[in-house]
Amino acid sequence: MQKLQGIAVSPGIAIGEALVMDSEGFRIPRRFVARDAVDDELARLEKAIVAASGEIAGHRDAIALELGEKYAAIFDAHLLMLQDSRLRSELEEMIRHRHYSPEYSVSRTLRRYASVFQRLESANLAERANDIYDIEKRLLRHLLGHRRENIAHLTSPVLVLAYNLTPSETANLDRQFVLGFVTEIGGPGSHTAIVAEALEIPAVVGTGPFLADVSGGEQVIIDGNKGMVILQPDEETLARYRQEAQEKHTVTVRLESLRDRPAITADGVRVNLFGNIEFPYEVTHCVDRGADGIGLYRTEFLYLGREVDPTEEVHYEAYSQVMQAINGKPVAIRTFDLGADKVPNLPPPADEPNPCLGLRSIRLALRHLPMFRTQLRAILRASVLGDLRVMFPLISTLLELRQAKMVLADVMEDLDEHGIAYNRTMPVGMMVEVPSAVVMIDRFVEEVDFLSIGTNDLTQYTLAVDRSNKDVVGLYNPADPAVLRLISTSIEAADKRSIPINMCGQMSGNPNYTMLLLGLGLRNFSAVPSAVPEIKNICHHVTIAQCREVAGRVMAMENARDISNYLREDLKRYVPEQSGE
Amino acid sequence: MRIMTESADLTRAVTVANRAGMHARAAVELAKLARRFDARVVVAMSLHKVEATDVLQLMSLGAQRGEHLSLEASGNEALAALDAIEQLFLRKFDED
């Protein structure tokens with residue numbers, strides 16, 4: 001049994017068979033072969049080794065001719081590695097006596113060598129691990145042939161373990177059979193995190209290297225609550241996790257019975273609970289949980305994993321699906337919030353040492369107006385299909401907000417000229433996620449119809465902590481008193497001006513914070529759809545007076561840890577069956 | 001005749017003298033050299049023994065600079081193989 005700690009990005013427990021993908025999105029295959037197929041399998045391995053050797057020799061000669069013998073040496077090494085007699089007998093033993101598949105044997109054996117090299121003190125040898133991976137890939141390619149990229153056609157449930165998952169890889173996965181994700185790299189905002197949240201399956205990212213220790217078909221547990229991954233679990237651990245999964249299921253079923261009851265506090269104050277979505281099919285998740293609408297519709301998926309920018313029709317198609325499915329309830333759509341590296345048609349940023357402080361989001365939109373206008377046109381056209389509102393992300397100055405609104409006005413004029421219908425009074429809002437926006441919030445509220453607090457970025461920018469950086473992620477805490485003051489200031493400013501303010505970061509979906517936020521005056525929460533029933537349940541149990549008392553105490557505290565501990569204890573006291581753990 | 005020479009094992013002590021130790025290039029040089037002789041050469045680092053022709057095993061020894069290894073050879077060209085390999089160690093694998 002081996003336990004790995006990563007970053008929890010999507011809650012839940014998943015137990016199942018591993019589907020291992022390497023850094024090239026290459027599937028590391030199943031484990032066993034039939035007893036009577038052993039000779040055929042051995043022959044298949046031999047053939048793959050011969051083919052791989054021929055290929056390597058070819059590269060060797062070409063490189064030697066082009067660059068000189070010295071540069072070809074690495075291929076000599078690869079050839080010799082393939083001829084290693086111990087390696088060959090180990091492979092034969094695994095196939096002949098343990099009935100492992102050649103693919104599994106190759107990957108298991110070579111990965112063992114790679115991890116031996118990685119553990120050796122010599123930096124020189126540690127780098128050689130990459131040569132081993134290279135040989136592994138080459139052999140697998142010859143063994144698997146066409147079956148190589150067949151991850152779109154799964155036939156049984158799997159947990160996907162990968163170095164990283166690209167949008168096109170996740171798009172190709174057969175969702176019906178994916179029970180959970182683990183990636184070696186990535187942080188809370190990574191693509192894997194967003195997709196896992198959307199699919200409502202557990203995910204852990206940023207575990208660091210571990211794929212060398214696992215092979216396809218092995219049993220794995222993903223604990224998306226604690227951010228833990230357990231390889232080769234023992235019976236006791238398995239039993240414990242099975243029970244935990246079962247209990248969680250029972251609570252979920254019970255909470256979902258709250259679906260048709262509105263979120264009203266024990267003293268009768270109505271709270272709006274919205275869902276955050278990325279993909280149109282998630283609207284169902286919101287409707288099923290009795291959400292009051294969509295508080296954050298992210299549009300980044302439209303840009304990811306494609307060769308060219310999405311056309312106006314592609315945007316419109318997605319938006320109209322959402323509008324139809326939500327059936328008249330409000331939808332707040334956020335214009336694209338990406339870095340230049342993710343947008344297909346834009347030149348990659350030349351020199352960007354700090355991407356989160358760089359050219360991204362609304363800044364990028366204002367720099368590339370045709371692309372921005374395309375999205376705004378589609379949003380405006382969809383605005384006649386129901387209660388659609390638009391919001392701009394990452395606004396940091398008044399000028400930026402005014403520019404964005406000007407582009408919107410310009411697009412409206414254009415639609416007028418063409419006689420295309422849209423909602424002239426579509427509410428226009430902004431995300432509050434940069435500290436400068438909070439400092440100037442009394443001015444901003446004069447110029448928008450609503451606000452939405454994005455706690456993830458607000459925390460990151462306020463505390464100057466990159467939450468995808470493992471070394472400092474411990475400093476990231478939305479319960480920091482500085483962040484809470486900014487949130488409180490924003491709510492007060494919105495109330496004073498009587499405009500709605502919503503919160504759509506991870507904080508609003510975390511039950512530990514519900515009472516505090518209610519106490520600070522927040523009445524609109526937007527969270528992952530699966531969190532909606534929990535938050536609703538808390539509302540039913542508490543009064544605003546109690547929440548104000550909690551908020552009063554918290555705002556007098558000085559550090560994030562005290563606040564987190566206090567809030568956890570408090571939730572246990574008021575809503576014992578749901579302690580947020 | 002062959003059986004007789006094979007049973008007469010020869011051994012020799014060598015030291016890893018190049019700065020980088022028995023890394024990939026050094027292991028490749030050693031394996032290539034060992035393959036040229038009609039002899040079986042085993043490289044031993046304390047109790048860990050590997051074939052001199054097996055690059056992966058040589059690398060797995062992780063022998064650093066200053067490590068003492070012993071060579072055990074058998075076969076028709078055992079002596080020639082040992083001499084040549086010893087020279088390779090003395091030449092620090094033509095590095096440094």
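Every heavy atom of this structure was used, including side-chain atoms; hydrogens, water molecules and symmetry mates were not. Here is the naming used below: chain letters follow the sequence lines, and residue numbers restart at 1 for every chain. Keep in mind that what you see is a predicted model, and the values were worked out from it rather than measured.
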Can you measure from NE2 (B:H23) to CZ (A:F117) and round to the nearest 0.5 angstrom? 12.5 Å
Where is the tightest heavy-atom contact between B:D54 and A:R86, given as atom of each residue plus distance? OD2-N, 3.3 Å
Is the shortest side-chain heavy-atom distance between B:T53 and A:Q83 below 4.5 Å? no
Tell me the closest heavy-atom pair linking B:A31 and A:L80, and the distance in Å. CB-CD1, 4.3 Å
Identify which part of A:A73 has an atom lying under 4.5 Å from any heavy atom of chain B, answering side chain, backbone, both or neither. neither
Heavy atoms from other residues, nucleotides or ligands near CZ of B:R19 exceed 12 (cutoff 6.0 Å): no
For the pair A:D84 (side chain) and B:L56 (backbone), establish whether a donor and an acceptor sit closer than 3.5 Å, ignoring hydrogens and angles. yes
Counting only non-hydrogen atoms closer than 4.5 Å, does A:L79 touch chain B with its backbone (N, CA, C, O), its side chain (CB onward), both, or neither? neither
Answer with side chain, backbone, both or neither: which region of B:Q57 has an atom nearer than 4.5 Å to a non-hydrogen atom of chain A? both
I'd like to verify something: which residue of B:R25, B:K32, B:R35 has the highest number of heavy-atom pairs under 4.5 Å with chain A? B:R35
